[in-house]
Amino acid sequence: FSNRSVREAYSILHFLESRLGYKQFVYYHQDNLIMPNRVFYCPNWSHTFNYKDSNTIQATFIEVTIPTVNF
C-alpha cells in the first residue's frame, strides 16, 4: 500500500494489529470466475512514514486453503 494518507494508513494498521498476525479474515471478492470468499491471515507487516500524509505499508498475506472459520 503506497502513498496512503495518515487516516488510511491508520485504518490499515488498526486492521492488521487487531488480527495479531495469526487471526484469519475473509476477503469477499466480487469476481464470479473465482471463489468469491477467500480466507487469509497476515503474519507480518511494516510501516514507513515517507513524509507528511504519505505512508507505505508492506504486508504479507497468506491464503488459508482449507479454512476453519464459518462464513
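The figures that follow rest on heavy atoms only: side chains count, while hydrogens, waters and symmetry mates do not.
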Between Tyr41 and Val64, is a side-chain contact (heavy atoms from CB on, under 4.5 Å) present by the stated rule, with each step listed?
CA-CA 7 Å; Tyr41 71 97; Val64 179; 3.7 Å; yes
What's the spacing between Lys23 NZ and Cys42 SG if we round to 0.5 Å?
14.0 Å
Are the ring centres of Phe15 and Phe25 closer than 6.0 Å?
yes
List in chain and number order the residues that pass side-chain contact (heavy atoms from CB on, under 4.5 Å) with Asn3, two or more places apart in sequence or in another chain; answer none if no residue qualifies.
Asn50, Tyr51, Ser54
How about Gln58: does its CD atom have over 12 heavy atoms from other parts shown lying under 6.0 Å from it?
no
Assess, by modelled atom type and distance only, whether the side chains of Ser5 and Asp53 contain a donor and an acceptor separated by less than 3.5 Å.
no
Sub-4.5 Å side-chain heavy-atom contact between Pro43 and Ile62:
yes
Spacing of OG belonging to Ser18 relative to CG belonging to Leu16, to within rounding of 0.5 Å
7.5 Å
Where Ala9 and His47 come nearest, the two heavy atoms and their spacing:
CB-NE2, 4.5 Å
Linking directly or through intermediates, with side-chain heavy atoms under 4.5 Å: list the remaining ILVMFWY members grouped with Tyr10, chain and number order.
none
Rounding to 0.5 Å, atoms OG1 (Thr65) and CZ (Arg38) come to a distance of 10.5 Å
Any link between Val6 and Trp45 through a network of hydrophobic side chains (Ile, Leu, Val, Met, Phe, Trp, Tyr) touching at under 4.5 Å?
no
To the nearest 0.5 Å, atom CZ of Arg7 lies from atom CG of Asn55 at 14.0 Å
For the CZ atom of Arg4 and the CD atom of Glu8, what is their distance to the nearest 0.5 Å?
4.5 Å
With side-chain contact (heavy atoms from CB on, under 4.5 Å) as the test, would you mind laying out the steps for Phe1 and Leu13 before giving the verdict?
CA-CA 11 Å; Phe1 306 98; Leu13 291 170; over 6 Å; no
